[in-house]
Engineer: 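Following this message is one structure expressed as C-alpha cells.
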Amino acid sequence: MSQKLKKPRNPNTYTPKERNMYLLGMVGQNMIYNIINTGLVFYLNNIIFIPQWATGIIFTVARVWDAINDPMMGTICDHTRSKWGKCKPYLMFVPGVVMITTILTFVNIQYTDATTPTGQTLMIAWAGIAYILWGMSYTAGDIPLWGVTALMTDDEKHRASLLSLARIAAGLGGALVLLTIVPISQELGKALATSVGNVSTANQYGFIIVGVVLTIISTLLFQCAGAVKERVPQSERHYSLKENFQVMWRNKPFRKILVSAVLRSPFQLLTLVAMNLLSYYFGNFGRDSYIVQMIFLGGAIFGGQFIAMAFAPALAAKYEKKRLFNVSNVISGIPFALIFVVYLMAPQSLDNWGWMFVLFVLFLLAGAGTGVVNVLQSVMIADCIDYEEYTTGVRPDGVFFSGQSFATKLGGGVSAILQSVVFTIVGFSDEVIKQVNEMLTANPSMTFKADYAEYAAAMFFLVSIPPAIGCLLSIIPTWKYPLTNKEHAKILEFLRVRRIVAKEKGIDVGKVTEAEVIETAEKSGINLEPVSEDLASVTARARIY
C-alpha cells in the first residue's frame, strides 16, 4: 500500500436520525416485553385466576424451548444475506407478527365457569400455547434488534454510547408499562363493572382493552427500528447451528458473561412482583389511590437505572469493565437484601412516608447497580463478538446476542417459577386471589397488609432475597474475566487493519490472512501489539488462517 493507514476522522457509524429511530424501536420492543413479563403474569394469576402452579409450568416449558429457539434464531440471523443486511430485514417485518401473538396471550377463552376442570384446562392450554408462540416471534425481533448494534458502527465509543442509550430506552419502555397497564385496566374495570354485572369479568375486559391498545402503540414504535443501516462488513463464512452451540461455550469471555447473566436472573422478580406489591400492599387492589406511591417507588428504581446507564459508558472507558461489572452487582445486591429487612422492621407501616423514604433510597441504589450491569453486559457481549472475529474470522452477532435474549427470557421464566412456588406455598393462588379481590372490594375496613400479612411478607421476600442472591452469585463467573480493556483495544486495532486490507484487495474480510494484516501494519507504521495467548491461542487462530 502506498500510504500509511490512519484512523479515520469520521468513523464508519450511524447518523443521529438512525440512532433516534433505533431507540424508538427499543422503547416499543421493551414495552411489548413488559406487557408480557409484567402484565401477563398478573393477568393470568390475578384477573382470570389461573393457578400459580400452572403459570410456573407454562414458563418452565417455554424457557426449555427458548434454550433451543434462541440460538436457532441467532443462527438464522447470521446466515441471512440480503440487500438490507442480516439483522435489518427482521426489524422491518417481524413487529407486526409480535403484535398479533401478544394480543393472543390476553384474548383467552372465556367460560361461564372457568373453575370447572374442563374450562380451566382449556384456559391453561390457551395461555401456554399463546405464550410459546409469543416467545418465538419475540425472539425473531429481539436478537436482530440487539445484534444490529454491532453492525451500525465500528467505533467502540459510539457503540458503547448506543448500547447505553438502548438500555435507557429499554428501561423507559418497561417503566411506561409498569406505571400504566394495571392502574388503567383496574380503573377501566371499575367503569365497566356496572354494565358487565360481574367484577371479575369487568376487570378482564379492562385488562384486554388496555393490553391491546398498549400493544398497538408499542408495535408502531418497534417498527421504527427498521430504519437503521448496517455498516460493518461481514464475512461470507458463518457457523452451523451445531457449531454455534460449540462456539458459544468455547468463547471463554462470552461463556462467563452468559453464566453470570443466568445467575443474576432472579432480579427480574422486581418487575414481576411489583404489580402485586403495588396493587395489593399499597393500593388495596385499586380501592385506594396508590399512584403517588407507585410514582415514588417506581421513580426510585427506574431513576437509579437511567442515571447509572447514562454514566456507564464513561465509567467503562475509565475503569476496567470487569471490576465495574462486579462492583455494580454488589451495589445492587446489598440494598435488595435490605428491602426485606426493612419490611420485617416495620411490617404494618411501610406506607408511612418515613419508611417510604428508606425504601426509596434502597430501590434507587439497587436500580443504579442494575443499570450499570445491564449496559456493561451488552457492551461486553459486543466485545466478545470482536474477540470471536479476531480469533476465527467469523462475526456471530446474532448468535451471541441470542445469548442475551435467552438470559433475559430465562430470567423472566425463573422469576415466574419462584413467584409461583412462593405464592403456592403461602396459598395465594386462583380461588384465594379471587376471594381476596372480592373481600377488599366489598369491605372498606379491610387492608391487605393487616388482614393478609402472610401474602404481603411473600411479596416483599420475592422482591428482596432472590434478587440479592442472584446479584451476588453473578460475580463468581466474571471474577477472572479474561478480556480486559487493554486486550480488547488491541483486538479492535487488528480488526480495523484487516477490514482496510480486505477493502483495498477487494476480497471477503474473512479471507484476509493474519500475515497480510501484520505486513500491512508494519509498512504503515502501525504497532499491532500481540493479544494475550490466554485469549487467542495459536492453535485456535491457525484453524481459520
Side-chain angles (χ1 to χ4, degrees), residues 30 33-34 36-38 40-41 52 55-71 74 131 134-135 138-139 142-143 146 167 170-171 174 178 248-249 254-276 301 305 325-326 328-337 339-340 366-367 369-378 380-381 400-423 459 461-479 481:
N30 276 268
Y33 177 77
N34 283 279
I36 296 296
N37 192 49
T38 301
L40 180 63
V41 176
Q52 296 281 355
T55 305
I57 291 175
I58 289 171
F59 276 76
T60 300
V61 171
R63 295 289 69 81
V64 171
W65 169 240
D66 276 337
I68 303 172
N69 184 42
D70 282 3
Y131 181 70
W134 173 84
Y138 180 83
T139 295
D142 184 52
I143 292 171
W146 286 101
R167 283 295 187 176
L178 180 66
M248 291 172 71
W249 189 254
F254 178 75
R255 182 175 72 241
K256 288 180 174 292
I257 290 294
L258 186 59
V259 173
S260 175
V262 171
L263 292 174
R264 195 171 65 97
S265 60
F267 90 96
Q268 290 199 44
L269 275 164
L270 187 64
T271 55
L272 188 64
V273 185
M275 289 294 91
N276 283 291
I301 189 71
Q305 285 188 23
F325 183 87
N326 292 336
S328 298
N329 271 306
V330 174
I331 290 175
S332 293
I334 293 174
F336 269 132
I339 291 171
F340 192 59
T370 56
V372 174
V373 170
N374 286 340
V375 172
L376 288 180
Q377 177 180 289
S378 298
M380 292 164 82
I381 288 176
F400 275 31
F401 273 104
S402 76
Q404 176 173 275
S405 176
F406 166 69
T408 299
K409 288 187 288 184
L410 177 64
V414 169
S415 299
I417 294 168
L418 289 173
Q419 175 185 269
S420 68
V421 169
V422 172
F423 281 168
M459 293 176 187
F461 171 82
L462 285 169
V463 300
S464 175
I465 302 305
I469 293 173
C471 289
L472 297 178
L473 286 178
S474 68
I475 68 176
I476 296 175
T478 55
W479 193 257
Y481 182 74

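FYI, side chains are in, hydrogens and waters are out, and symmetry mates aren't considered; it's all heavy atoms of this structure. Model, not experiment: these values are computed from the prediction.
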Engineer: In the structure I gave you, are the side-chain heavy atoms of Ile36 and Tyr131 within less than 4.5 Å of one another anywhere?
Structural biologist: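 When only atoms from C-beta onward are counted, Tyr131 and Ile36 do touch, with a gap below 4.5 Å.
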Engineer: Atom CG of Asp142 and atom CD of Gln404: how far apart are they, to the nearest 0.5 Å?
Structural biologist: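 Answer for the CG-CD pair, Asp142 versus Gln404, is 7.5 Å.
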Engineer: Check whether any side-chain heavy atom of Gln419 sits under 4.5 Å from a side-chain heavy atom of Thr55, and report yes or no.
Structural biologist: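 No - every pair of side-chain heavy atoms lies 4.5 Å or more apart.
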Engineer: side-chain contact (heavy atoms from CB on, under 4.5 Å) for Phe59 and Ser420? Distances and angles first, verdict last.
Structural biologist: CA-CA 10 Å; Phe59 276 76; Ser420 68; over 6 Å; no
Engineer: Checking ring pair (Phe, Tyr, Trp, His ring centres under 6.0 Å) against Phe254, which of Phe400, Tyr481, Trp249 comes through?
Structural biologist: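 The ring pair (Phe, Tyr, Trp, His ring centres under 6.0 Å) with Phe254 is passed solely by Phe400 among Phe400, Tyr481, Trp249.
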Engineer: Where is the tightest heavy-atom contact between Ile417 and Gly56, given as atom of each residue plus distance?
Structural biologist: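 Shortest heavy-atom contact: CG1-O, 3.8 Å.
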Engineer: Do any side-chain atoms of residues 461-470 form donor-acceptor pairs under 3.5 angstrom with protein atoms, and if so which ones, sequence neighbours left out?
Structural biologist:
from   : atom 1 : to     : atom 2 : distance (Å)
Ser464 : OG     : Phe336 : O      : 2.4
Ser464 : OG     : Ala337 : O      : 3.3
Ser464 : OG     : Phe340 : N      : 3.0

Engineer: Any donor and acceptor pair, going by atom type alone, linking the side chain of Ser265 with main-chain N or O of Val262 inside 3.5 Å?
Structural biologist: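 At least one qualifying donor-acceptor pair exists.
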Engineer: How far apart are the C-alpha atoms of Trp146 and Ser405, what are their side-chain angles, what is the distance that settles it, and do they pass the side-chain contact (heavy atoms from CB on, under 4.5 Å) test?
Structural biologist: CA-CA 9 Å; Trp146 286 101; Ser405 176; over 6 Å; no
Engineer: When rounded to the nearest 0.5 angstrom, what distance separates CD1 in Ile339 from CG in Leu270?
Structural biologist: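 Going from CD1 on Ile339 over to CG on Leu270, the span is 6.5 Å.
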Engineer: Ignoring hydrogens, what is the shortest heavy-atom contact between Val414 and Pro266? Give both atom names and the distance.
Structural biologist: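 For Val414 versus Pro266, the nearest heavy atoms are CG1-CG, 4.5 Å.
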Engineer: Counting distance only, does the side-chain N/O of Lys256 pair as donor-acceptor with the main-chain N or O of Pro477 below 3.5 Å?
Structural biologist: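 Side chain of Lys256 to backbone of Pro477, a donor-acceptor pair under 3.5 Å: yes, one is there.
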Engineer: Output, in order, the C-alpha distance, side-chain angles, deciding distance and verdict of side-chain contact (heavy atoms from CB on, under 4.5 Å) for Leu40 and Trp134.
Structural biologist: CA-CA 12 Å; Leu40 180 63; Trp134 173 84; over 6 Å; no
Engineer: Just wondering, do Leu178 and Asn34 contact through their side chains at under 4.5 Å, heavy atoms?
Structural biologist: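 With C-beta onward as the side chain, the pair stays apart.
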Engineer: Ignoring hydrogens and geometry, is there a side-chain-to-backbone donor-acceptor pair from Asp70 to Phe406 under 3.5 Å?
Structural biologist: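 Checking the backbone N and O of Phe406 against the side chain of Asp70, a donor-acceptor pair under 3.5 Å is found.
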Engineer: Could you measure the distance from the CG atom of Asn326 to the OG1 atom of Thr478? Nearest 0.5 Å is fine.
Structural biologist: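 The CG atom of Asn326 sits 3.5 Å away from the OG1 atom of Thr478.
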Engineer: Below 4.5 Å, heavy atoms only, C-beta onward: do Gln377 and Arg167 meet side chain to side chain?
Structural biologist: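 Gln377 vs Arg167: side chains touch.
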Engineer: At their closest point, which heavy atom of Ser402 faces which heavy atom of Met248, and how far apart are they?
Structural biologist: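 Ser402 and Met248 have their closest heavy atoms at OG-CE, 4.2 Å.
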Engineer: Please examine the side chains of Ile57 and Val61, heavy atoms only from C-beta on, and report whether any two atoms are closer than 4.5 Å.
Structural biologist: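 Yes, close enough: below the 4.5 Å cut-off.
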Engineer: Working to the nearest 0.5 Å, report the span between CE of Met380 and CG of Leu258.
Structural biologist: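 Spacing of CE (Met380) from CG (Leu258) equals 12.5 Å.
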Engineer: Any chance you could measure Asn329, atom CG, to Ile334, atom CD1, to the nearest 0.5 Å?
Structural biologist: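 Here the interatomic distance stands at 11.5 Å.
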Engineer: Would you say that Phe267 contacts Ser474 through its side chain, given a criterion of any heavy-atom pair below 4.5 Å between the two side chains?
Structural biologist: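 No, every pair of side-chain atoms sits at 4.5 Å or beyond.
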Engineer: Under the side-chain contact (heavy atoms from CB on, under 4.5 Å) test against Arg264, which residue among Asn374, Leu473, Val259 passes?
Structural biologist: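 Going through Asn374, Leu473, Val259 one by one, the side-chain contact (heavy atoms from CB on, under 4.5 Å) with Arg264 is satisfied by Asn374 alone.
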Engineer: Spell out, as yes or no, whether a donor-acceptor pair under 3.5 Å connects the side chain of Ser332 to the backbone of Thr370.
Structural biologist: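 Here the side-chain-to-backbone pair exists.
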Engineer: Nearest 0.5 Å please: distance from the CG atom of Leu263 over to the CD1 atom of Ile475.
Structural biologist: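 With rounding to 0.5 Å, CG (Leu263) is 11.0 Å from CD1 (Ile475).
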